[in-house]
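As a basis for the values below, the full set of heavy atoms in this structure was taken, side chains included, without hydrogen atoms, waters or symmetry mates. Order of the sequence lines fixes the chain letters, A, B, ..., with proteins taken first and strands second; residue numbering starts at 1 for each chain.
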Amino acid sequence: MLDLKLMQNAPEVVREALDKRNSKIDVQEFTDLDDKRKALIAEVESLKAEQNKVGPEIAKRKKAGQDASDLLKRMGEVSGRVKELDRELAEVEKAEKDWMMAVPNIPHASVPVGVSEEDNPVLRYWGEKPAFDFAPKEHWEIGTALGGLDFECAAKLAGARFSISFGWCARLERALAQFMLDTQTGERGYTEVIPPFIVNKATMTGTGQLPKFEEDLFKLTDERELYLIPTAEVPLTNIYAGEVIPEEKLPVKFCAQTPCFRSEAGSYGKDTKGLIRQHQFYKVEMVNFAHPDHSYEALEDMTRSAERILEKLNLPYRTITLCTGDMGFGAAKTYDIEVWLPGQDKYREISSCSNCEDFQARRANIKFQPKDSKKKLFVHTLNGSGLAVGRCLVAVIENYQQADGSIVIPEALRPYMGGLEVVKAE
RNA sequence: GGAGAAGUGGCCGAGUUGGCUGAAGGCGCACGCCUGCUAAGCGUGUUAUGGGCGUAAAACUCAUACGAGGGUUCAAAUCCCUCCUUCUCCGCCA
(Lines give C-alpha, C1' and ligand atoms only; values in the text may rest on other atoms or scores of the structure.)
Protein backbone atom coordinates (compact mmCIF):
# COMPACT_ATOMS: atom_id res chain seq x y z
CA MET A 1 0.00 0.00 0.00
CA LEU A 2 1.21 3.47 -0.82
CA ASP A 3 1.51 6.28 1.70
CA LEU A 4 -1.80 8.12 2.06
CA LYS A 5 0.06 11.40 2.47
CA LEU A 6 1.86 10.87 -0.81
CA MET A 7 -1.45 10.19 -2.55
CA GLN A 8 -2.88 13.40 -1.11
CA ASN A 9 0.10 15.70 -1.55
CA ALA A 10 1.61 14.42 -4.78
CA PRO A 11 -0.93 12.50 -6.83
CA GLU A 12 1.05 13.39 -9.96
CA VAL A 13 3.99 11.33 -8.69
CA VAL A 14 1.70 8.34 -8.30
CA ARG A 15 0.13 8.89 -11.70
CA GLU A 16 3.56 8.98 -13.30
CA ALA A 17 4.56 5.76 -11.54
CA LEU A 18 1.37 4.06 -12.69
CA ASP A 19 2.03 5.17 -16.26
CA LYS A 20 5.46 3.57 -16.13
CA ARG A 21 3.80 0.35 -15.07
CA ASN A 22 1.23 0.59 -17.87
CA SER A 23 -1.50 0.70 -15.26
CA LYS A 24 -4.85 2.22 -16.11
CA ILE A 25 -5.78 3.08 -12.54
CA ASP A 26 -7.29 6.56 -12.33
CA VAL A 27 -5.82 8.73 -9.59
CA GLN A 28 -8.69 11.20 -9.79
CA GLU A 29 -11.00 8.53 -8.32
CA PHE A 30 -8.91 8.57 -5.20
CA THR A 31 -8.88 12.33 -4.91
CA ASP A 32 -12.67 12.45 -5.16
CA LEU A 33 -13.09 9.78 -2.51
CA ASP A 34 -10.60 11.45 -0.22
CA ASP A 35 -12.36 14.82 -0.48
CA LYS A 36 -15.66 13.19 0.30
CA ARG A 37 -14.18 11.37 3.24
CA LYS A 38 -12.76 14.55 4.73
CA ALA A 39 -16.05 16.38 4.39
CA LEU A 40 -17.88 13.56 6.16
CA ILE A 41 -15.31 13.43 8.93
CA ALA A 42 -15.61 17.14 9.56
CA GLU A 43 -19.38 16.88 9.91
CA VAL A 44 -19.55 13.74 12.01
CA GLU A 45 -16.75 14.79 14.33
CA SER A 46 -18.32 18.09 15.21
CA LEU A 47 -21.51 16.22 16.12
CA LYS A 48 -19.55 13.76 18.23
CA ALA A 49 -17.83 16.66 19.97
CA GLU A 50 -21.30 17.98 20.84
CA GLN A 51 -22.30 14.58 22.21
CA ASN A 52 -19.22 14.47 24.39
CA LYS A 53 -19.93 17.94 25.71
CA VAL A 54 -23.61 17.48 26.43
CA GLY A 55 -23.37 13.95 27.85
CA PRO A 56 -21.94 15.05 31.23
CA GLU A 57 -24.49 17.87 31.40
CA ILE A 58 -27.30 15.31 31.17
CA ALA A 59 -25.68 13.25 33.90
CA LYS A 60 -25.31 16.32 36.11
CA ARG A 61 -28.96 17.32 35.72
CA LYS A 62 -30.22 13.83 36.35
CA LYS A 63 -28.15 13.59 39.49
CA ALA A 64 -29.57 16.88 40.68
CA GLY A 65 -33.07 15.67 39.91
CA GLN A 66 -33.56 18.32 37.21
CA ASP A 67 -35.37 17.91 33.93
CA ALA A 68 -33.15 17.11 30.93
CA SER A 69 -35.77 16.35 28.34
CA ASP A 70 -34.73 19.24 26.06
CA LEU A 71 -31.18 17.94 25.91
CA LEU A 72 -32.32 14.36 25.46
CA LYS A 73 -34.49 15.40 22.54
CA ARG A 74 -31.65 17.27 20.85
CA MET A 75 -29.17 14.46 21.51
CA GLY A 76 -31.59 11.92 20.14
CA GLU A 77 -31.51 13.78 16.84
CA VAL A 78 -27.74 14.16 16.93
CA SER A 79 -27.33 10.47 17.67
CA GLY A 80 -29.46 9.50 14.71
CA ARG A 81 -27.55 11.78 12.40
CA VAL A 82 -24.22 10.49 13.69
CA LYS A 83 -25.27 6.91 12.92
CA GLU A 84 -26.26 7.89 9.41
CA LEU A 85 -23.02 9.73 8.77
CA ASP A 86 -20.95 6.95 10.31
CA ARG A 87 -22.49 4.49 7.91
CA GLU A 88 -21.83 6.76 4.97
CA LEU A 89 -18.27 7.39 6.13
CA ALA A 90 -17.61 3.68 6.51
CA GLU A 91 -18.68 3.17 2.90
CA VAL A 92 -16.42 5.90 1.58
CA GLU A 93 -13.53 4.70 3.70
CA LYS A 94 -13.95 1.18 2.40
CA ALA A 95 -14.01 2.39 -1.19
CA GLU A 96 -10.90 4.44 -0.57
CA LYS A 97 -9.13 1.57 1.16
CA ASP A 98 -10.07 -0.82 -1.64
CA TRP A 99 -8.69 1.63 -4.11
CA MET A 100 -5.45 1.97 -2.17
CA MET A 101 -5.08 -1.79 -1.83
CA ALA A 102 -5.30 -2.25 -5.58
CA VAL A 103 -2.51 0.20 -6.42
CA PRO A 104 0.91 -1.31 -7.13
CA ASN A 105 4.15 -0.03 -5.64
CA ILE A 106 6.11 2.85 -7.11
CA PRO A 107 9.21 1.72 -9.02
CA HIS A 108 12.57 2.85 -7.65
CA ALA A 109 14.32 5.57 -9.65
CA SER A 110 16.99 3.11 -10.80
CA VAL A 111 14.47 0.76 -12.44
CA PRO A 112 14.59 0.89 -16.25
CA VAL A 113 11.36 2.02 -17.87
CA GLY A 114 9.87 -0.55 -20.19
CA VAL A 115 6.68 -2.30 -21.23
CA SER A 116 7.43 -6.01 -21.14
CA GLU A 117 10.06 -8.63 -20.43
CA GLU A 118 11.65 -7.70 -23.75
CA ASP A 119 12.88 -4.55 -22.06
CA ASN A 120 14.65 -6.16 -19.11
CA PRO A 121 18.38 -5.38 -19.32
CA VAL A 122 20.87 -8.10 -18.47
CA LEU A 123 23.03 -7.10 -15.53
CA ARG A 124 25.60 -9.89 -15.65
CA TYR A 125 26.36 -13.36 -16.92
CA TRP A 126 28.07 -16.09 -14.96
CA GLY A 127 29.47 -19.49 -15.93
CA GLU A 128 30.13 -21.38 -19.12
CA LYS A 129 27.31 -23.13 -20.86
CA PRO A 130 28.16 -26.83 -21.05
CA ALA A 131 29.28 -28.03 -24.46
CA PHE A 132 27.56 -31.21 -25.66
CA ASP A 133 28.64 -33.43 -28.54
CA PHE A 134 25.05 -34.64 -28.75
CA ALA A 135 21.65 -32.98 -28.79
CA PRO A 136 20.82 -32.19 -25.16
CA LYS A 137 17.44 -33.43 -23.98
CA GLU A 138 14.85 -31.79 -21.80
CA HIS A 139 14.72 -32.74 -18.13
CA TRP A 140 11.40 -34.58 -18.27
CA GLU A 141 12.72 -36.90 -20.93
CA ILE A 142 15.90 -37.68 -19.02
CA GLY A 143 14.18 -37.94 -15.66
CA THR A 144 11.44 -40.20 -16.95
CA ALA A 145 13.89 -42.49 -18.76
CA LEU A 146 15.86 -42.91 -15.54
CA GLY A 147 12.73 -43.79 -13.60
CA GLY A 148 12.86 -40.70 -11.40
CA LEU A 149 9.84 -38.87 -12.78
CA ASP A 150 6.39 -40.15 -13.76
CA PHE A 151 3.99 -37.54 -15.04
CA GLU A 152 1.27 -40.04 -15.94
CA CYS A 153 1.21 -41.27 -12.40
CA ALA A 154 1.03 -37.72 -11.06
CA ALA A 155 -1.85 -36.96 -13.43
CA LYS A 156 -3.69 -40.01 -12.15
CA LEU A 157 -3.22 -38.95 -8.56
CA ALA A 158 -3.95 -35.26 -8.87
CA GLY A 159 -4.23 -34.02 -12.44
CA ALA A 160 -2.25 -31.85 -14.79
CA ARG A 161 0.60 -29.70 -13.47
CA PHE A 162 1.56 -32.12 -10.72
CA SER A 163 4.60 -34.34 -10.49
CA ILE A 164 5.82 -37.31 -8.56
CA SER A 165 9.43 -38.32 -8.08
CA PHE A 166 10.96 -41.62 -7.10
CA GLY A 167 14.29 -42.80 -5.80
CA TRP A 168 17.28 -40.82 -6.94
CA CYS A 169 15.11 -37.97 -8.17
CA ALA A 170 13.22 -37.56 -4.90
CA ARG A 171 16.50 -37.66 -3.05
CA LEU A 172 18.12 -35.20 -5.42
CA GLU A 173 15.35 -32.72 -4.82
CA ARG A 174 15.68 -33.17 -1.07
CA ALA A 175 19.45 -32.78 -1.40
CA LEU A 176 19.05 -29.53 -3.30
CA ALA A 177 16.71 -28.05 -0.72
CA GLN A 178 18.96 -29.07 2.13
CA PHE A 179 22.04 -27.76 0.37
CA MET A 180 20.32 -24.42 -0.18
CA LEU A 181 19.18 -24.14 3.43
CA ASP A 182 22.61 -25.09 4.74
CA THR A 183 24.24 -22.49 2.52
CA GLN A 184 21.85 -19.67 3.42
CA THR A 185 21.98 -20.39 7.13
CA GLY A 186 25.65 -21.33 7.33
CA GLU A 187 27.22 -18.74 5.03
CA ARG A 188 24.69 -16.00 4.43
CA GLY A 189 23.38 -15.22 7.88
CA TYR A 190 19.83 -16.53 7.51
CA THR A 191 17.74 -18.01 10.31
CA GLU A 192 15.85 -21.11 9.27
CA VAL A 193 12.09 -21.14 9.77
CA ILE A 194 9.33 -23.68 9.30
CA PRO A 195 6.17 -21.61 8.96
CA PRO A 196 2.53 -22.63 8.44
CA PHE A 197 1.77 -23.62 4.84
CA ILE A 198 -1.81 -22.52 5.27
CA VAL A 199 -2.56 -18.94 6.25
CA ASN A 200 -5.50 -16.63 6.81
CA LYS A 201 -6.84 -13.73 4.82
CA ALA A 202 -5.07 -11.02 6.81
CA THR A 203 -1.71 -12.66 6.17
CA MET A 204 -2.36 -12.92 2.44
CA THR A 205 -3.41 -9.27 2.42
CA GLY A 206 -0.29 -8.14 4.25
CA THR A 207 2.05 -9.23 1.49
CA GLY A 208 -0.28 -8.19 -1.33
CA GLN A 209 -1.69 -11.48 -2.66
CA LEU A 210 -5.13 -10.30 -1.59
CA PRO A 211 -7.43 -8.72 -2.46
CA LYS A 212 -6.25 -8.42 -6.05
CA PHE A 213 -4.84 -11.82 -6.92
CA GLU A 214 -7.22 -14.27 -5.31
CA GLU A 215 -7.58 -16.29 -8.52
CA ASP A 216 -3.90 -17.26 -8.32
CA LEU A 217 -4.40 -18.92 -4.94
CA PHE A 218 -5.77 -22.21 -3.70
CA LYS A 219 -8.43 -21.51 -1.11
CA LEU A 220 -9.75 -24.02 1.39
CA THR A 221 -13.47 -24.56 1.26
CA ASP A 222 -14.39 -24.33 4.93
CA GLU A 223 -15.71 -21.15 6.49
CA ARG A 224 -12.38 -20.08 7.94
CA GLU A 225 -11.18 -18.52 4.70
CA LEU A 226 -7.77 -20.14 4.70
CA TYR A 227 -5.39 -20.31 1.78
CA LEU A 228 -2.44 -22.46 0.75
CA ILE A 229 0.68 -20.32 0.54
CA PRO A 230 1.95 -19.55 -2.98
CA THR A 231 5.40 -18.77 -1.51
CA ALA A 232 7.00 -18.68 1.93
CA GLU A 233 7.31 -14.93 1.46
CA VAL A 234 3.75 -14.75 2.78
CA PRO A 235 4.18 -16.34 6.22
CA LEU A 236 7.78 -15.16 6.66
CA THR A 237 7.05 -11.50 5.99
CA ASN A 238 3.98 -11.58 8.20
CA ILE A 239 5.94 -12.95 11.15
CA TYR A 240 6.37 -9.33 12.20
CA ALA A 241 2.90 -8.13 11.17
CA GLY A 242 1.69 -5.62 13.73
CA GLU A 243 5.02 -5.67 15.53
CA VAL A 244 7.79 -3.22 16.25
CA ILE A 245 11.32 -4.51 15.66
CA PRO A 246 14.10 -2.98 17.77
CA GLU A 247 16.47 -1.11 15.46
CA GLU A 248 19.53 -3.05 16.57
CA LYS A 249 17.96 -6.31 15.39
CA LEU A 250 17.86 -5.10 11.78
CA PRO A 251 18.39 -6.59 9.33
CA VAL A 252 16.39 -9.69 10.25
CA LYS A 253 16.98 -12.47 7.73
CA PHE A 254 14.72 -15.52 7.54
CA CYS A 255 14.77 -18.42 5.13
CA ALA A 256 12.46 -21.38 4.80
CA GLN A 257 11.84 -24.36 2.62
CA THR A 258 8.14 -24.75 1.95
CA PRO A 259 5.87 -26.21 -0.64
CA CYS A 260 4.28 -23.50 -2.79
CA PHE A 261 0.80 -23.81 -4.23
CA ARG A 262 -0.31 -21.86 -7.27
CA SER A 263 -3.48 -22.19 -9.27
CA GLU A 264 -1.73 -21.04 -12.47
CA ALA A 265 -5.01 -19.65 -13.72
CA GLY A 266 -4.44 -18.06 -17.08
CA SER A 267 -1.29 -19.95 -17.92
CA TYR A 268 -2.98 -22.57 -20.08
CA GLY A 269 -0.68 -23.89 -22.73
CA LYS A 270 2.46 -22.47 -21.11
CA ASP A 271 5.14 -24.93 -20.01
CA THR A 272 2.75 -27.84 -20.08
CA LYS A 273 5.52 -30.41 -20.03
CA GLY A 274 7.82 -31.17 -17.18
CA LEU A 275 8.52 -29.52 -13.87
CA ILE A 276 8.77 -25.89 -14.90
CA ARG A 277 5.23 -24.82 -14.04
CA GLN A 278 3.46 -26.83 -11.36
CA HIS A 279 0.58 -26.37 -8.94
CA GLN A 280 2.88 -27.52 -6.16
CA PHE A 281 6.63 -27.10 -5.84
CA TYR A 282 9.28 -26.64 -3.19
CA LYS A 283 11.07 -23.38 -2.83
CA VAL A 284 13.67 -22.07 -0.42
CA GLU A 285 12.66 -18.49 0.22
CA MET A 286 14.61 -15.64 1.79
CA VAL A 287 12.96 -12.70 3.52
CA ASN A 288 14.73 -9.64 4.94
CA PHE A 289 13.48 -6.89 7.18
CA ALA A 290 15.84 -4.00 6.55
CA HIS A 291 16.41 -0.46 7.74
CA PRO A 292 15.10 1.91 5.05
CA ASP A 293 18.56 3.42 4.68
CA HIS A 294 20.10 0.05 3.86
CA SER A 295 17.43 -1.87 1.98
CA TYR A 296 19.09 -1.55 -1.41
CA GLU A 297 22.33 -2.94 -0.02
CA ALA A 298 20.18 -5.74 1.37
CA LEU A 299 18.73 -6.36 -2.09
CA GLU A 300 22.20 -6.76 -3.55
CA ASP A 301 23.17 -9.05 -0.69
CA MET A 302 20.06 -11.18 -1.13
CA THR A 303 20.60 -11.47 -4.86
CA ARG A 304 24.16 -12.60 -4.20
CA SER A 305 22.83 -15.21 -1.79
CA ALA A 306 20.69 -16.65 -4.55
CA GLU A 307 23.46 -16.49 -7.13
CA ARG A 308 25.87 -18.26 -4.80
CA ILE A 309 23.74 -21.39 -4.92
CA LEU A 310 24.03 -21.59 -8.69
CA GLU A 311 27.75 -20.88 -8.56
CA LYS A 312 28.34 -23.66 -6.07
CA LEU A 313 26.38 -26.00 -8.32
CA ASN A 314 28.31 -24.67 -11.31
CA LEU A 315 25.14 -23.81 -13.20
CA PRO A 316 25.43 -20.93 -15.72
CA TYR A 317 23.06 -18.06 -15.14
CA ARG A 318 22.37 -14.45 -15.92
CA THR A 319 20.90 -11.77 -13.74
CA ILE A 320 18.49 -9.25 -15.17
CA THR A 321 16.81 -6.13 -13.85
CA LEU A 322 13.07 -6.15 -14.33
CA CYS A 323 11.76 -3.07 -16.11
CA THR A 324 8.84 -1.04 -14.79
CA GLY A 325 6.33 -2.87 -16.95
CA ASP A 326 7.38 -6.34 -15.85
CA MET A 327 7.68 -5.93 -12.09
CA GLY A 328 5.39 -7.56 -9.58
CA PHE A 329 2.66 -5.74 -7.70
CA GLY A 330 4.50 -5.00 -4.46
CA ALA A 331 8.04 -4.56 -5.73
CA ALA A 332 9.95 -1.30 -6.02
CA LYS A 333 12.87 -3.07 -7.67
CA THR A 334 13.40 -6.67 -8.75
CA TYR A 335 16.30 -8.73 -10.02
CA ASP A 336 15.51 -12.01 -11.71
CA ILE A 337 18.11 -14.74 -11.90
CA GLU A 338 17.76 -16.99 -14.89
CA VAL A 339 19.51 -20.34 -15.09
CA TRP A 340 20.68 -21.86 -18.33
CA LEU A 341 18.62 -24.83 -19.51
CA PRO A 342 20.38 -26.63 -22.40
CA GLY A 343 17.38 -28.83 -23.11
CA GLN A 344 15.24 -25.77 -23.78
CA ASP A 345 18.19 -23.80 -25.14
CA LYS A 346 17.02 -20.91 -22.99
CA TYR A 347 17.60 -19.04 -19.76
CA ARG A 348 14.68 -19.59 -17.38
CA GLU A 349 13.77 -17.76 -14.19
CA ILE A 350 14.95 -19.57 -11.08
CA SER A 351 14.91 -16.72 -8.58
CA SER A 352 13.29 -13.34 -8.19
CA CYS A 353 14.63 -10.95 -5.57
CA SER A 354 12.63 -7.85 -4.73
CA ASN A 355 12.79 -4.86 -2.48
CA CYS A 356 9.22 -3.91 -1.59
CA GLU A 357 10.42 -0.92 0.45
CA ASP A 358 7.62 0.01 2.86
CA PHE A 359 4.77 -1.23 0.63
CA GLN A 360 4.19 -4.48 2.51
CA ALA A 361 5.29 -3.03 5.84
CA ARG A 362 2.52 -0.48 5.60
CA ARG A 363 -0.08 -3.13 4.74
CA ALA A 364 1.07 -5.48 7.47
CA ASN A 365 2.04 -2.68 9.88
CA ILE A 366 5.65 -3.68 10.46
CA LYS A 367 7.69 -0.97 12.11
CA PHE A 368 10.98 -0.47 13.84
CA GLN A 369 11.91 1.83 16.68
CA PRO A 370 14.80 4.11 15.71
CA LYS A 371 17.18 4.81 18.58
CA ASP A 372 17.37 8.54 17.94
CA SER A 373 13.66 9.33 17.63
CA LYS A 374 10.40 8.48 19.34
CA LYS A 375 8.57 8.01 16.07
CA LYS A 376 8.32 4.43 14.87
CA LEU A 377 8.99 3.97 11.17
CA PHE A 378 8.07 1.30 8.65
CA VAL A 379 10.79 -1.21 7.83
CA HIS A 380 11.60 -2.21 4.30
CA THR A 381 10.81 -5.81 3.37
CA LEU A 382 12.61 -7.88 0.79
CA ASN A 383 11.99 -11.32 -0.53
CA GLY A 384 13.77 -13.62 -2.90
CA SER A 385 13.97 -17.23 -3.91
CA GLY A 386 17.09 -18.92 -2.81
CA LEU A 387 16.17 -20.92 -4.93
CA ALA A 388 13.17 -22.53 -6.56
CA VAL A 389 13.97 -26.17 -5.82
CA GLY A 390 11.98 -27.79 -8.63
CA ARG A 391 13.46 -25.58 -11.30
CA CYS A 392 16.90 -26.08 -9.86
CA LEU A 393 16.36 -29.82 -10.19
CA VAL A 394 15.52 -29.21 -13.84
CA ALA A 395 18.73 -27.22 -14.28
CA VAL A 396 20.88 -29.91 -12.67
CA ILE A 397 19.36 -32.66 -14.80
CA GLU A 398 19.72 -30.73 -18.04
CA ASN A 399 23.18 -29.27 -17.45
CA TYR A 400 24.69 -32.45 -16.04
CA GLN A 401 23.21 -34.89 -18.56
CA GLN A 402 25.56 -37.25 -20.38
CA ALA A 403 25.47 -38.76 -23.85
CA ASP A 404 24.43 -42.14 -22.44
CA GLY A 405 21.40 -40.65 -20.67
CA SER A 406 22.98 -40.64 -17.24
CA ILE A 407 23.29 -37.61 -14.94
CA VAL A 408 26.43 -36.59 -13.08
CA ILE A 409 25.73 -35.35 -9.58
CA PRO A 410 27.27 -31.90 -8.94
CA GLU A 411 30.06 -32.16 -6.42
CA ALA A 412 28.41 -29.84 -3.94
CA LEU A 413 25.45 -32.21 -3.70
CA ARG A 414 27.34 -35.48 -3.33
CA PRO A 415 27.55 -35.29 0.47
CA TYR A 416 23.75 -35.05 0.45
CA MET A 417 23.45 -38.01 -1.92
CA GLY A 418 25.41 -40.52 0.11
CA GLY A 419 28.42 -39.94 -2.11
CA LEU A 420 26.60 -40.85 -5.32
CA GLU A 421 28.45 -39.50 -8.38
CA VAL A 422 26.33 -40.56 -11.31
CA VAL A 423 22.70 -41.53 -11.83
CA LYS A 424 22.64 -44.30 -14.43
CA ALA A 425 19.98 -46.35 -16.07
CA GLU A 426 19.53 -49.74 -14.39
C1' G B 1 -15.64 -33.22 21.05
C1' G B 2 -17.50 -31.98 26.62
C1' A B 3 -17.05 -28.48 31.08
C1' G B 4 -15.14 -23.98 32.92
C1' A B 5 -11.95 -19.13 33.22
C1' A B 6 -9.95 -15.02 30.96
C1' G B 7 -8.60 -11.05 27.06
C1' U B 8 -7.56 -3.14 29.49
C1' G B 9 -1.49 1.31 27.72
C1' G B 10 5.75 -1.41 26.83
C1' C B 11 4.59 -4.86 31.20
C1' C B 12 1.70 -5.86 35.82
C1' G B 13 -2.94 -4.34 37.35
C1' A B 14 -7.69 -1.23 39.06
C1' G B 15 -12.40 -0.57 36.95
C1' U B 16 -18.37 -4.95 37.71
C1' U B 17 -25.49 0.15 40.67
C1' G B 18 -23.55 2.54 32.29
C1' G B 19 -21.76 9.19 32.19
C1' C B 20 -16.52 13.51 35.02
C1' U B 21 -11.25 6.95 33.25
C1' G B 22 -7.18 7.38 27.37
C1' A B 23 -7.99 5.09 31.34
C1' A B 24 -6.13 4.97 39.19
C1' G B 25 -1.80 2.49 41.28
C1' G B 26 2.77 0.01 40.40
C1' C B 27 6.92 -1.47 37.25
C1' G B 28 9.75 -0.14 33.15
C1' C B 29 11.59 3.77 30.08
C1' A B 30 13.19 9.14 28.91
C1' C B 31 14.68 13.87 30.59
C1' G B 32 15.87 17.07 34.74
C1' C B 33 17.25 17.76 40.02
C1' C B 34 19.85 15.85 44.07
C1' U B 35 24.27 12.92 45.26
C1' G B 36 32.06 11.59 46.86
C1' C B 37 30.78 6.72 43.68
C1' U B 38 26.86 3.17 43.53
C1' A B 39 22.10 2.51 45.40
C1' A B 40 18.13 5.23 47.01
C1' G B 41 15.28 9.85 46.64
C1' C B 42 12.55 14.07 44.21
C1' G B 43 10.21 16.28 39.80
C1' U B 44 8.37 16.01 34.83
C1' G B 45 7.07 13.18 30.90
C1' U B 46 5.88 8.52 28.57
C1' U B 47 0.11 5.18 22.85
C1' A B 48 -1.59 4.92 17.95
C1' U B 49 -4.53 6.46 13.84
C1' G B 50 -7.42 10.15 11.44
C1' G B 51 -9.51 15.41 10.94
C1' G B 52 -8.76 20.93 11.60
C1' C B 53 -5.00 24.71 11.79
C1' G B 54 -0.30 25.29 10.33
C1' U B 55 4.81 24.25 9.70
C1' A B 56 11.22 23.11 7.90
C1' A B 57 9.51 20.30 11.97
C1' A B 58 6.66 21.03 16.09
C1' A B 59 3.04 23.05 19.13
C1' C B 60 -2.30 23.44 19.56
C1' U B 61 -7.23 21.40 18.99
C1' C B 62 -11.08 17.73 17.83
C1' A B 63 -12.40 12.61 16.91
C1' U B 64 -11.53 7.43 17.34
C1' A B 65 -9.42 3.12 19.90
C1' C B 66 -10.05 -1.10 26.65
C1' G B 67 -9.32 -8.93 21.68
C1' A B 68 -12.68 -8.22 16.74
C1' G B 69 -17.47 -7.13 14.84
C1' G B 70 -22.58 -5.93 15.72
C1' G B 71 -26.69 -4.31 19.12
C1' U B 72 -29.27 -1.57 23.34
C1' U B 73 -28.93 3.74 25.11
C1' C B 74 -28.95 10.73 24.86
C1' A B 75 -24.35 8.12 26.69
C1' A B 76 -20.66 1.56 27.16
C1' A B 77 -14.16 -0.74 29.18
C1' U B 78 -18.79 -1.34 31.93
C1' C B 79 -25.37 -4.33 29.56
C1' C B 80 -26.78 -8.00 25.22
C1' C B 81 -25.34 -11.11 20.74
C1' U B 82 -21.68 -13.36 17.34
C1' C B 83 -16.71 -14.48 16.36
C1' C B 84 -11.32 -14.87 17.53
C1' U B 85 -7.38 -15.97 20.89
C1' U B 86 -5.29 -17.84 25.48
C1' C B 87 -5.52 -20.92 29.89
C1' U B 88 -7.46 -25.22 33.10
C1' C B 89 -9.92 -30.06 33.53
C1' C B 90 -12.08 -34.48 30.86
C1' G B 91 -12.19 -37.27 26.24
C1' C B 92 -9.67 -38.40 21.56
C1' C B 93 -5.36 -38.56 18.52
C1' A B 94 0.00 -38.31 14.96
Side-chain heavy atoms of [X] within contact of [Y], under 4.5 Å:
X: R21(A); Y: M327(A); value: yes
X: P195(A); Y: I239(A); value: no
X: Q257(A); Y: K283(A); value: no

At under 4.0 Å between heavy atoms, what does K63(A) touch on the DNA or RNA strands: base, sugar-phosphate, or nothing?
->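 Base, at least one base heavy atom under 4.0 Å.
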Touch class at under 4.0 angstrom, heavy-atom based, for R74(A) against every strand present | nothing
From [atom1] of [X] over to [atom2] of [N], roughly how many Å is that when rounded to an integer?
X: F378(A); N: U49(B); atom1: CZ; atom2: P; value: 7 Å
X: K38(A); N: U49(B); atom1: NZ; atom2: C1'; value: 15 Å
X: E243(A); N: A48(B); atom1: CD; atom2: P; value: 16 Å
X: K376(A); N: U46(B); atom1: NZ; atom2: C1'; value: 10 Å
X: I245(A); N: G10(B); atom1: CD1; atom2: C1'; value: 16 Å
X: K367(A); N: G10(B); atom1: NZ; atom2: C1'; value: 15 Å
X: D86(A); N: G51(B); atom1: CG; atom2: P; value: 16 Å
X: K201(A); N: C84(B); atom1: NZ; atom2: C1'; value: 15 Å

Spacing of the [atom1] atoms in [M] and [N] (rounded, Å):
N: A24(B); M: A14(B); atom1: C1'; answer: 6 Å
N: A3(B); M: C11(B); atom1: C1'; answer: 32 Å
N: G9(B); M: G25(B); atom1: C1'; answer: 14 Å
N: C92(B); M: G2(B); atom1: P; answer: 15 Å
N: U86(B); M: U8(B); atom1: P; answer: 14 Å
N: G7(B); M: U46(B); atom1: C1'; answer: 24 Å
N: U16(B); M: A77(B); atom1: P; answer: 13 Å
N: U78(B); M: A59(B); atom1: P; answer: 31 Å

Between A42(A) and P56(A), whichever has its closest RNA chain B nucleotide further toward 5' is P56(A)
Are [X] and [Y] close enough that a side-chain donor and a side-chain acceptor fall under 3.5 Å?
X: D32(A); Y: Q28(A); result: yes
X: Y335(A); Y: E307(A); result: no
X: Q209(A); Y: D216(A); result: no
X: Y227(A); Y: N200(A); result: no

Could you point out which residue of T334(A), D326(A), T321(A) forms a side chain to side chain donor-acceptor pair (under 3.5 Å) with N120(A)?
-> D326(A)
Among residues 91-101 of chain A, which residues get a heavy atom nearer than 4.0 Å to RNA chain B?
-> none
Using 30° and 60° as the class limits, which term best fits the ring planes of F218(A) and F261(A): parallel, tilted or perpendicular?
-> perpendicular
In 5'-to-3' order, the base (B), backbone-only (S) or no-contact (-) status of each nucleotide in nucleotides 60-83 of chain B, using a 4.0 angstrom heavy-atom cut-off, is --BSS--------BBS--------
Using a cut-off of less than 4.0 Å, is there contact between a side-chain N or O of R37(A) and OP1 or OP2 of G51(B)?
->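 Yes, R37(A) has a side-chain N/O under 4.0 Å of OP1/OP2 on G51(B).
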Per-nucleotide pairing state of RNA chain B [Watson-Crick or G-U, under 3.5 Å; [ ] pseudoknot-crossing; | other strand] | ((((((((.[[[..)...(.....]]]((((((.......))))))((((((.......)))))).[[[[[..)....]]]]])))))))....
Output field: ring centroids Y240(A)/F289(A) closer than 6.0 Å |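 Yes, ring centres under 6.0 Å apart.
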Just how far is it from atom CZ of R363(A) to atom CG of L210(A), taken to the nearest 0.5 Å?
->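 If I round to the nearest 0.5 Å, the distance is 9.0 Å.
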Of H291(A), H380(A), H294(A), which meets ring pair (Phe, Tyr, Trp, His ring centres under 6.0 Å) against F368(A)?
-> H291(A)
Ring pair (Phe, Tyr, Trp, His ring centres under 6.0 Å) between F213(A) and F329(A): does it pass, once the steps are laid out?
-> CA-CA 10 Å; F213(A) 305 102; F329(A) 182 70; 5.2 Å; yes
